[in-house]
Undergrad: 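Here it is, the structure in full.
In what follows, chains carry the letters A, B, and so on, assigned in the order in which the sequence lines appear, proteins first and then strands, with residues in each chain numbered from 1.
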2 protein chains.
Amino acid sequence: MKIGELAKRSGLSAHTIRYYERIGLLPYADRDAGGRRDYDASILAWIAFLDRLKTTGMPIRDMLRYAELRAAGSRTGPERRALLEAHRDRVRAHLADLQACLLVLDTKIGGYAEAEKRTHPDDQSHPPDAGEPAGARTPRA
Amino acid sequence: MKIGELAKRSGLSAHTIRYYERIGLLPYADRDAGGRRDYDASILAWIAFLDRLKTTGMPIRDMLRYAELRAAGSRTGPERRALLEAHRDRVRAHLADLQACLLVLDTKIGGYAEAEKRTHPDDQSHPPDAGEPAGARTPRA
DNA sequence: CTAGGGGTTCGAGCGCGCTCGAAGTCAAGC
DNA sequence: GCTTGACTTCGAGCGCGCTCGAACCCCTAG
């Protein structure tokens, strides 16, 4: 598989794939006779995993650490596990934060919905301001 | 309240508060006789709300849009609501992604845990490699 | 034989969200 | 009166994660 096809299949751009190789996130790819990268399909699984780490907000330097440990052999298993566990904990915490924020968002939206309901049927022009904190005008926005 | 105290109470740095004012995320604060910002406690609610938007990944330019709408008066309610609803949908989608990733992470960690269990009691030196995708060595890491 | 398209390396540039430092002002405490 | 320290403005710089363009190479199809 050439880099163009890997790009299509993985969702990364060819530029990004080369960048990842450069920094060590992807293994140095075998080159064909003409010096072009030629990938094995198995790389897709690794990229998919990196994608998940990215989605969950892991910084590249940590993915790099993980990749290094992998490269260093199976005796680094425990450290890799620890790294993933620490990350998992952060993700869980963030998830909880997000859920809490979602509730607030829902409440806020509910407030606006209410205001619209109150103002729409009888066409009032000065409806109350759906629960906004006072004093937060932005004059020079 | 001076900027230093607001910083303490809000968790933002004074630098960041000034930056937010500069770009329009925070209202232009009243100045005292000496030209220093003097804040009303109500600003804290607005900052807390911005924090939630930030936590949920809203880019500053969208917060800015929201702030502008607020400044434009109560008739912008529907548009603000729409903005928040669109954001909520994105957050929900991201939340679902995260949860899916968490499962994968758990599985992966489980794999490492297994490997450790298998390798530890009888002290093998070449345990199987906990479900890692093959061919993802990183030679020049 | 030539044109085209995809590949190569290298290094600069970008968008985001701050973060910081310099140089100056002002008010309160000793 | 002088020091201290929190404030002011302004503009530059940073860390992250790409993103892109230039200049060149090589293979294939027409």
Undergrad: Scan nucleotides 7-14 of chain C nucleotide by nucleotide, 5' to 3', and note B when protein non-hydrogen atoms come under 4.0 Å of the base, S if they reach only the sugar-phosphate, - if neither.
TA: SBB-B---
Undergrad: Going by side chain to side chain donor-acceptor pair (under 3.5 Å), name the pairs with one or both residues in residues 89-101 of chain A, residues two or more places apart or in two chains.
TA: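 For residues 89-101 of chain A, and leaving out neighbouring residues, there are no side chain to side chain donor-acceptor pair (under 3.5 Å) pairs at all.
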Undergrad: Tell me which residues in residues 50-61 of chain B lie within less than 4.0 Å of DNA chain D, going by non-hydrogen atoms.
TA: none
Undergrad: Find the distance A:Tyr20:OH to D:dC16:P and express it as a whole number of Å.
TA: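 My rounded result for the distance is 14 Å.
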Undergrad: Does the pair B:Lys8/B:Glu5 count as a salt bridge with the N-to-O cut at 4.0 Å?
TA: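 Answer for the salt bridge query: no.
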Undergrad: Please give, in whole Å, the distance from D:dA6 C1' to B:Met1 CE?
TA: 16 Å
Undergrad: Kindly assign one of parallel, tilted or perpendicular to the pair A:Tyr66 and B:Tyr112, based on the angle between their ring planes and the thresholds 30° and 60°.
TA: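 A:Tyr66 and B:Tyr112: perpendicular rings.
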Undergrad: Test of understanding: clusters of I, L, V, M, F, W, Y form through side-chain heavy atoms closer than 4.5 Å, transitively. Do A:Leu6 and A:Ile23 belong to the same one?
TA: yes
Undergrad: Do B:Asp38 side-chain atoms and B:Met1 backbone N/O form a donor-acceptor pair below 3.5 Å?
TA: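 Pair found, side chain donor or acceptor close to backbone of B:Met1.
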Undergrad: Decide side chain to side chain contact (heavy atoms under 4.5 Å, CB included) for A:Cys101 and B:Val91; before the verdict, give the C-alpha distance in whole Å, the side-chain angles of both, and the deciding distance to 0.1 Å.
TA: CA-CA 9 Å; A:Cys101 287; B:Val91 175; over 6 Å; no
Undergrad: Can you check the B:Ile23 CD1 to C:dG15 C1' distance for me, whole Å?
TA: 14 Å
Undergrad: Give the cluster check for B:Phe49 versus B:Ile60: same hydrophobic cluster or not, with ILVMFWY residues linked at side-chain heavy-atom distances below 4.5 Å.
TA: yes
Undergrad: Is a side-chain N or O of A:Arg9 found less than 3.5 angstrom from the main chain of A:Ala7, in a donor-acceptor match?
TA: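 Absent.
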Undergrad: Over how many whole Å does the gap from B:Leu6 atom CG to D:dT8 atom C1' extend?
TA: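 Computing the B:Leu6:CG to D:dT8:C1' distance gives 16 Å.
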Undergrad: Over how many whole Å does the gap from B:Leu64 atom CG to C:dG15 atom P extend?
TA: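 In whole Å, C:dG15 P lies 17 Å from B:Leu64 CG.
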